[in-house]
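The structure under discussion appears below in the form of structure tokens.
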Amino acid sequence: EAGVAQSPRYKIIEKRQSVAFWCNPISGHATLYWYQQILGQGPKLLIQFQNNGVVDDSQLPKDRFSAERLKGVDSTLKIQPAKLEDSAVYLCASSGRGRTDTQYFGPGTRLTVL
Amino acid sequence: GNSVTQMEGPVTLSEEAFLTINCTYTATGYPSLFWYVQYPGEGLQLLLKATKADDKGSNKGFEATYRKETTSFHLEKGSVQVSDSAVYFCALSPIQGAQKLVFGQGTRLTINP
């Protein structure tokens, strides 16, 4: 079974530029998550989708971050404009519908904002 | 609110030593508890989990018991190997609302031969 795919793996941009990350979840997984992991910290949930609807985006900085999940499968996370403090690893995860279903994580995209 | 606190790292041990990584949590109700591991160059993967009080999760020689009375979920292994070197994250999933995970800050473990 293929795992969660993410691209790109690495990205370096200047502040105030825009950037987009892509995630393809495990086939059949209804729930998709985006987490932000700042160096030395644990991952923090940014947004959760159930199919193509948003379940939780309470910690998403909506003035600069946006995310969508087209047709309930792939998802894109965008930052516009980027700030220095956005430097982090952006992790995508997916799971089934059940509350105790295991979340499977992708390899992440490491973003450096200069 | 919901939060997880792990013991500060980094932790360095010799091969075959006994390992304990402490984890305590704050949550309303009865969350599910998890340990995730991140090996060098790899993504996060689930190590073990427990969904109710007194449950013991176990995998690859690691164990953790859900202790409601002390709000703890300490990770233990009787004899560590060099291949256990990784970053370990304790996490909870609140009983209410979404399935999101709330993570601790991670503990880096290095095992020397």
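Remember, predicted model here, so these are calculated numbers, not experimental data. Below, read A as the first sequence line, B as the second, and so on, with proteins coming before strands; counting in each chain starts at 1.
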Shared hydrophobic cluster for A:Leu32 and A:Phe21 (ILVMFWY, side-chain gaps under 4.5 Å): yes

Nearest heavy-atom neighbours spanning B:Lys100 and A:Gln48: N-OE1, 3.8 Å

Verdict with reasoning, A:Gln37 to B:Phe89, per side-chain contact (heavy atoms from CB on, under 4.5 Å): CA-CA 12 Å; A:Gln37 185 177 12; B:Phe89 293 91; 3.2 Å; yes

Atom NZ of B:Lys56 with >12 non-hydrogen neighbours under 6.0 angstrom: no

Atom CG of A:Leu84 with >12 non-hydrogen neighbours under 6.0 angstrom: yes

Under 4.5 Å from a heavy atom of chain A, the part of B:Gln6 involved: neither

B:Glu16 atom CD: more than 12 heavy-atom contacts under 6.0 Å: no

Contact summary for B:Leu101 and A:Tyr35, nearest pair of heavy atoms: N-OH, 3.2 Å

Other residues, nucleotides, ligands: >12 heavy atoms within 6.0 Å of B:Tyr39 OH: yes

Inter-chain contacts: residues 64-73 of chain B against chain A, heavy atoms under 4.5 Å: none

Contact origin within A:Gln6 toward chain B - heavy atom pairs under 4.5 Å: neither

Hydrophobic cluster membership, A:Leu111 vs A:Val89, 4.5 Å side-chain cutoff: no

Contacting moiety of A:Gln103, where chain B heavy atoms sit under 4.5 Å: both

ILVMFWY cluster, B:Leu46 and A:Leu45 together (side-chain gap under 4.5 Å): yes

Positions in residues 102-113 of chain B that reach chain A, provided some heavy atom is under 4.5 Å away: B:Phe103, B:Gly104, B:Gln105

Side chain, backbone, both or neither of A:Ile38 within contact of chain B (heavy atoms, under 4.5 Å): neither

Connected via hydrophobic side-chain network under 4.5 Å: A:Trp22 and A:Val73: no

Main-chain N/O of B:Leu44 paired to A:Tyr104 side chain as donor or acceptor, under 3.5 Å: no

Co-membership, hydrophobic cluster, residues B:Met7 and B:Leu48, 4.5 Å side-chain: yes

